[in-house]
There are 2 protein chains.
Amino acid sequence: MKPLSLSPAATAWTRSKPPLLRFLDNCLNEFSAETSGSVADYIPELSKADPAYFGISLATLDGHVYEVGDSRVPFTIQSMSKPFVFALALDLLGAGKVESAIGVEPSGDPFNSIRLNSENHPFNPMVNAGAIACTGLIYDSKGADAFEQIRLALSRFAGRDLAVDEAVYSSESQTGDRNRAIGYLLKTNAVISDNVAGVLDVYFRQCAVLVTARDIAVMAATLANRGVNPVTGEQVLTPYAISRTLSVMTSSGMYDYAGEWIYRIGIPAKSGVGGGILAALPARLGLGSYSPKLDKHGNSVRGIKVCEALSSHYDLHMLNRSDDARNAVIADYDIGKSPSRRVRRPQEREILAAHEQEVRVIELVGTLSLSAVDYVSRRLAGRPRPQIVIFDLHRVTSTTRAGARLVAEAFAELAALNVTVVISGVRRASKEWDTLREWTAELKNVRDFYLLDTAIEWAEDQIVYRYGGSIDFHETTELAEQPLLSGMSEEELTDLASICTIRTFPSGAKIITTGDPADALFFLRSGAVHVTLPDGVRLATLTAGMAFGEMALLEPTRSADVFADMAATAFEVPLRDFERFRKQHPRASERVMRNLAQLLADRLIVANAKVDILTSM
Amino acid sequence: MKPLSLSPAATAWTRSKPPLLRFLDNCLNEFSAETSGSVADYIPELSKADPAYFGISLATLDGHVYEVGDSRVPFTIQSMSKPFVFALALDLLGAGKVESAIGVEPSGDPFNSIRLNSENHPFNPMVNAGAIACTGLIYDSKGADAFEQIRLALSRFAGRDLAVDEAVYSSESQTGDRNRAIGYLLKTNAVISDNVAGVLDVYFRQCAVLVTARDIAVMAATLANRGVNPVTGEQVLTPYAISRTLSVMTSSGMYDYAGEWIYRIGIPAKSGVGGGILAALPARLGLGSYSPKLDKHGNSVRGIKVCEALSSHYDLHMLNRSDDARNAVIADYDIGKSPSRRVRRPQEREILAAHEQEVRVIELVGTLSLSAVDYVSRRLAGRPRPQIVIFDLHRVTSTTRAGARLVAEAFAELAALNVTVVISGVRRASKEWDTLREWTAELKNVRDFYLLDTAIEWAEDQIVYRYGGSIDFHETTELAEQPLLSGMSEEELTDLASICTIRTFPSGAKIITTGDPADALFFLRSGAVHVTLPDGVRLATLTAGMAFGEMALLEPTRSADVFADMAATAFEVPLRDFERFRKQHPRASERVMRNLAQLLADRLIVANAKVDILTSM
């Protein structure tokens with residue numbers, strides 16, 4: 001083997017960059033050359049910003065944050081606070097109240113327009129009038145606590161405690177007469193009920209909250225992630241508030257440049273005169289950029305370039321999406337093709353063979369979207385009616401609410417036809433489970449098992465019961481009935497019986513432990529046991545008449561655990577005694593080895609069939 | 001078994017409805033009660049429409065079309081032609097020409113506004129001025145052929161040949177003075193260069209094209225499917241033209257109601273005064289609705305209700321998306337955990353065991369999006385550098401262009417570090433392959449094999465070669481080296497050799513055929529063979545020193561085919577002779593059975609490990 005010291009290649013490996021980070025690096029280098037535009041000067045304190053600052057950060061929805069340049073330099077959030085405060089207002093005060101006070105149509109005006117719509121309400125929450133109205137609604141409800149509520153909400157979006165730039169706050173407050181005019185106009189139109197000065201004080205503070213490009217990226221990623229901060233995992237606001245906020249960002253976030261922005265960039269965004277731009281691409285990423293020089297629309301010149309580059313380089317336009325629902329079904333078979341790992345006795349095998357089409361297994365993959373579920377619902381109807389359908393969702397990477405709702409409707413349709421539905425592959429504690437159960441919880445025809453094999457075993461049992469089979473765990477079997485001993489003469493069996501001891505195991509007892517010396521074979525006489533790997537994977541369930549620990553014939557140590565599923569009895573044959581038996585009865589011994597090879601060959605066929613189902617579709 | 005005649009439950013099964021169809025049924029029933037609004041009367045011919053008509057159709061992107069009610073009743077397309085003609089103009093004339101003549105900002109005006117923007121251009125292609133300008137640009141370029149080009153494009157979107165309602169056309173032409181005014185205004189501003197009457201004639205004809213709700217659903221689904229008609233499979237226009245068209249539909253498709261529409265419905269849409277509404281949800285579906293009574297904005301009253309119901313019932317707002325990139329990796333292991341099915345000799349096994357970490361296999365699932373690939377690129381860096389990385393894309397359901405581009409960047413990063421990339425699970429003839437190769441085609445470090453097992457086998461060979469192992473297919477081995485015969489005495493081996501014949505097979509020869517009687521065992525002496533199932537699944541590749549056809553010891557007929565991979569020689573032992581040998585040498589025979597059981601147990605471990613990899617992540 002090679003020495004462990006780091007070779008040059010290995011060092012290069014540890015220094016290699018994920019391509020997205022390299023992309024941001026390239027943006028930083030290329031757009032640093034861009035020095036057009038000018039720093040905002042309508043608030044004196046803002047004009048002091050160093051125009052050379054340039055930081056970019058991109059937060060992924062699995063919680064990784066890429067940062068390049070001056071991504072930790074603080075600046076004031078300004079208008080980028082508007083979407084978050086609108087979202088907060090929706091959740092805090094109820095959508096009805098907010099939506100009746102503030103419109104959602106683009107005005108085509110600049111951000112500081114004082115024009116109201118035909119109902120004398122602000123056009124939308126992204127212009128100053130609408131944002132002040134939002135803050136006013138929160139102030140009406142929370143009074144002196146309003147600003148703290150807003151600051152805490154912004155902090156939860158950012159995943160850290162955010163502070164206010166007091167100098168910018170006083171500067172804004174001293175020069176904010178246009179916003180005062182808007183405030184009084186809103187009061188005269190009864191959009192703000194009282195205390196314009198108090199509302200504006202909260203508004204000026206809210207605009208002066210200090211953030212970094214990194215903060216903005218995380219805040220944007222929270223918008224892109226249905227309100228869950230991908231770094232802290234906190235559900236900051238409801239998905240409703242988030243999607244509606246993204247809607248107004250889409251239609252009005254870039255003011256009189258909104259149509260062009262959707263057309264060219266296609267990523268909901270918001271800028272602030274402090275030099276920040278945030279962009280949130282749903283289900284993908286959040287971007288934060290900081291560079292103080294602004295264009296004539298008041299947007300950061302370099303920030304716009306970063307958004308353009310991200311959209312065009314990766315073709316990330318939100319309306320340019322594709323999918324193929326047919327790929328969602330990765331396997332679709334009945335239990336004839338892939339039975340459970342439960343070793344069945346002849347009567348059970350016969351029943352199952354006659355009714356194998358009555359349990360259908362559909363394994364799904366990728367996103368459980370409306371399209372995917374609709375496709376499955378049509379595919380299901382194209383074949384004879386099964387008694388039981390098992391949907392394995394192990395490889396489902398996400399479930400949309402549309403998909404979940406359609407799942408519930410498809411299950412209800414099956415219930416009406418007396419088809420039982422079994423879900424496997426979803427843990428009950430998971431988010432996926434909650435999404436699925438939101439609409440399926442009331443359905444009586446739905447069962448769930450985490451392991452597909454357990455689900456198939458349960459379904460097989462139902463079929464066996466339904467068609468008159470009984471699974472009698474109290475039955476006892478004799479050695480002569482053991483397949484491993486088939487073909488042995490009566491004399492050989494009698495000799496073997498003489499070296500057996502009958503052992504009794506209580507339910508749950510651990511009979512065999514991985515790693516122990518393999519010093520005995522067992523022939524199950526009554527009850528049931530299961531064989532599991534140390535990592536918990538269940539290899540087989542065995543009932544009376546079957547052998548376990550038989551690998552002792554080949555291996556010196558145990559490679560799996562065996563537990564009693566219920567009170568069980570077994571014939572135990574110590575390996576030492578069996579070796580003596582082998583020498584006395586070479587023909588019988590050859591027979592046992594042959595039977596063992598046969599059992600293993602049968603298991604191999606099942607395992608290979610399973611591998612093929614999983615890899616061939 | 002049950003009789004084959006259809007039971008009542010089985011009849012119900014065949015009559016059961018996919019839940020989406022049931023949803024459309026419910027919409028039809030519920031909204032039929034809605035009789036407000038009035039039929040368009042500004043074109044006399046339109047006012048003749050029967051207000052009772054109500055048809056809904058929904059086309060999925062896998063090409064299924066649901067229809068309820070009057071979904072086959074023809075009506076004129078009117079303004080719903082605008083997005084398609086805009087998209088056609090983008091592709092026909094080039095985006096630069098079209099985008100410089102027509103803006104993309106919402107105007108906030110009604111559809112028939114005569115106002116132009118500050119550059120004296122139409123605000124956007126969804127208002128009449130913009131649509132007439134679009135038609136004018138096509139007329140300028142195509143002259144007398146302009147209308148036929150438009151009609152053919154609309155027909156390709158619909159997937160059938162569309163005709164014109166001549167009565168509506170003449171009625172529009174006779175009463176279209178406002179549109180004439182717009183036409184001359186465009187000419188005076190040099191947006192239309194010539195022949196206003198000719199342009200308007202094309203425009204009036206284009207608005208009078210006859211469609212059904214079903215047509216509109218398919219046309220919308222083509223927009224939702226990046227320009228590929230999901231029923232005919234034809235790529236009607238480029239993805240660029242489609243995503244930009246959806247952009248202007250989003251910002252301006254519903255005129256002065258656009259902000260509200262994004263906010264409440266969140267599905268790009270367009271209506272026509274003929275009573276039609278089309279809605280296109282990217283990557284999901286296309287909806288077409290027909291009901292002639294219009295609201296004050298000129299939108300079909302019932303059609304709006306259908307869109308609202310679809311969006312709210314299934315939570316289909318386009319900005320309400322979620323995903324978890326971490327679920328994209330379904331398995332991540334090195335070849336120590338899951339070797340190929342090639343049976344390796346001891347020297348090869350040793351080399352591979354010492355270097356197992358140098359081949360890493362990452363199996364991906366679901367959508368290969370920017371998020372998924374980014375996550376994989378970071379995950380890759382978190383472990384020691386492999387020589388070879390195999391990406392298995394078998395279960396990848398779709399690849400976004402962003403994902404493909406990031407894949408190319410990640411591969412380039414690996415190339416710089418001398419890491420070889422192997423792609424498996426993508427057929428070269430597929431769309432997925434084209435997407436992936438768009439940017440990776442130039443990379444020299446990329447190999448591909450359709451089967452993951454073949455990819456692993458190739459990677460193993462590279463490691464064996466690299467670390468001094470040789471795979472000498474000309475070497476010959478003796479019977480004593482066969483693992484199946486290990487533990488036999490010299491005398492026993494000599495007796496066995498006496499019943500062997502040495503057989504020679506040319507490359508490609510079929511040595512064993514499925515279904516034939518299993519009447520001989522073979523011990524491979526030189527060369528290589530492979531074992532495949534009748535369906536083509538390759539079970540194993542064997543080289544000199546290994547047995548094949550050995551299942552003849554257990555099974556009376558062959559269950560797999562064996563082919564010579566190259567010129568090969570083998571010791572053949574007829575089963576009849578082997579039976580005699582068994583009787584003479586019971587101890588040797590027991591040994592062979594035990595060795596066989598051991599081989600099967602080893603294969604079972606590999607197969608079970610593979611099943612666990614595939615099902616446990």
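Per chain, numbering begins at 1; letters A, B, ... match sequence-line order.
- A/Glu409 places no side-chain N or O within 3.5 Å of a backbone atom of B/Leu20 that could act as its donor or acceptor partner.
- Note on B/Leu452, B/Leu61, B/Val248, B/Leu380: by heavy-atom pairs under 4.5 Å with chain A, the leading option is B/Leu380.
- Note: B/Val365 leads B/Asn124, B/Val365, B/Leu281 in heavy-atom pairs under 4.5 Å with chain A.
- Options A/Arg587, A/Arg603, A/Arg582 differ in how many heavy-atom pairs under 4.5 Å they form with chain B, and the most are formed by A/Arg582.
- Taken to the nearest 0.5 Å, the CZ atom of A/Arg244 stands 11.5 Å off from the CD1 atom of B/Ile262.
- Contacts with chain B were tallied for A/Pro586, A/Ala410, A/Ser252; A/Ala410 has the most, counting heavy-atom pairs under 4.5 Å.
- Residue A/Pro230: no heavy atom, backbone or side chain, is found under 4.5 Å from chain B.
- At a 4.5 Å heavy-atom cutoff, the contact between A/Ser589 and chain B is made by backbone and side-chain atoms alike.
- Expressed to the nearest 0.5 Å, how far CG of A/Asp374 lies from CZ of B/Phe23 amounts to 12.0 Å.
- Interface residue B/Arg264: only backbone heavy atoms are found under 4.5 Å from chain A.
- Between A/Leu319 and B/Met318, some side-chain heavy-atom pair lies under the 4.5 Å cut-off.
- Using a 4.5 Å cut-off between heavy atoms, A/Ala280 makes no contact with chain B at all.
- No donor-acceptor pair closer than 3.5 Å links the side chain of A/Arg405 to the backbone N or O of B/Tyr314.
- Looking at A/Lys17, both its backbone and its side chain come within 4.5 Å of chain B, counting heavy atoms on both sides.
- Chain A forms the most heavy-atom pairs under 4.5 Å with one residue out of B/Lys583, B/Glu555, B/Arg22, and that residue is B/Arg22.
- To the nearest 0.5 Å, atom CG of residue B/Leu370 and atom NE2 of residue A/His313 are 9.5 Å apart.
- Contacts of B/Ala328 with chain A are made by backbone atoms alone, with heavy-atom separations under 4.5 Å and no side-chain atom involved.
- Ranked by non-hydrogen atom pairs under 4.5 Å with chain B, the options A/Leu553, A/Asn595, A/Val373 are led by A/Leu553.
- For B/Ser369, the side-chain contact (heavy atoms from CB on, under 4.5 Å) partners at least two apart in sequence or on another chain are A/Arg284, B/Asp323, B/Thr367, B/Ser371, B/Ala372, B/Thr400.
- Only the side chain of A/Leu533 comes within less than 4.5 Å of a heavy atom of chain B; its backbone N, CA, C and O stay farther away.
- Per-residue heavy-atom pair counts under 4.5 Å with chain A were compared for B/Ser398, B/Ser377, B/Ala402, and the maximum is reached by B/Ala402.
- Counting heavy-atom pairs closer than 4.5 Å to chain A, the top-ranked of the candidates B/Arg378, B/Glu260, B/Gln598, B/Arg226 is B/Arg378.
- Proximity to chain A is absent for every atom of B/Ala408, based on heavy atoms less than 4.5 angstrom apart.
- Only the side chain of A/Tyr66 comes within contact range of chain B, judged by heavy atoms closer than 4.5 Å.
- Contacts of A/Leu406 with chain B are made by both backbone and side-chain atoms, with heavy-atom separations under 4.5 Å.
- To the nearest 0.5 Å, the span separating CE on A/Met551 from CG on B/Leu604 amounts to 7.5 Å.
- Side-chain contact between B/Leu246 and A/His317 is absent, with no heavy atoms from C-beta onward closer than 4.5 Å.
- The part of B/Tyr240 that comes within reach of chain A is its side chain, from C-beta onward, which places non-hydrogen atoms under 4.5 angstrom from that chain.
- No donor-acceptor pair under 3.5 Å is formed between the side chain of A/Arg594 and the backbone N or O of B/Glu590.
- With sequence neighbours excluded, the residues forming a side-chain contact (heavy atoms from CB on, under 4.5 Å) with A/Val419 are A/Arg385, A/Val389, A/Leu414, A/Leu417, B/Trp13, listed by chain and number.
- With 3.5 Å as the limit, one finds a donor-acceptor pair spanning the side chains of B/Glu99 and A/Tyr263.
- Judged by distance alone, the side chain of B/Glu413 and the main-chain N or O of A/Pro19 form no donor-acceptor pair under 3.5 Å.
- Atom-to-atom distance recorded for A/His394:NE2 and B/Ile330:CD1 is 6.5 Å, nearest 0.5 angstrom.
- Taking chain A as the reference chain and counting heavy-atom pairs below 4.5 Å, the highest number among B/Ala416, B/Gly103, B/Ser243, B/Gly366 is found for B/Ser243.
- Minimum interatomic distance between B/Glu105 and A/Ala258 (heavy atoms only, all atoms of both residues): OE1-N, 3.5 Å.
- The line from CG of B/Leu554 to CG of A/Leu600 is 9.5 Å long, rounded to the nearest 0.5 Å.
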Item to check | Test side-chain contact (heavy atoms from CB on, under 4.5 Å) applied to A/Leu596 and B/Met593, step by step | outcome: CA-CA 9 Å; A/Leu596 177 60; B/Met593 284 299 175; over 6 Å; no

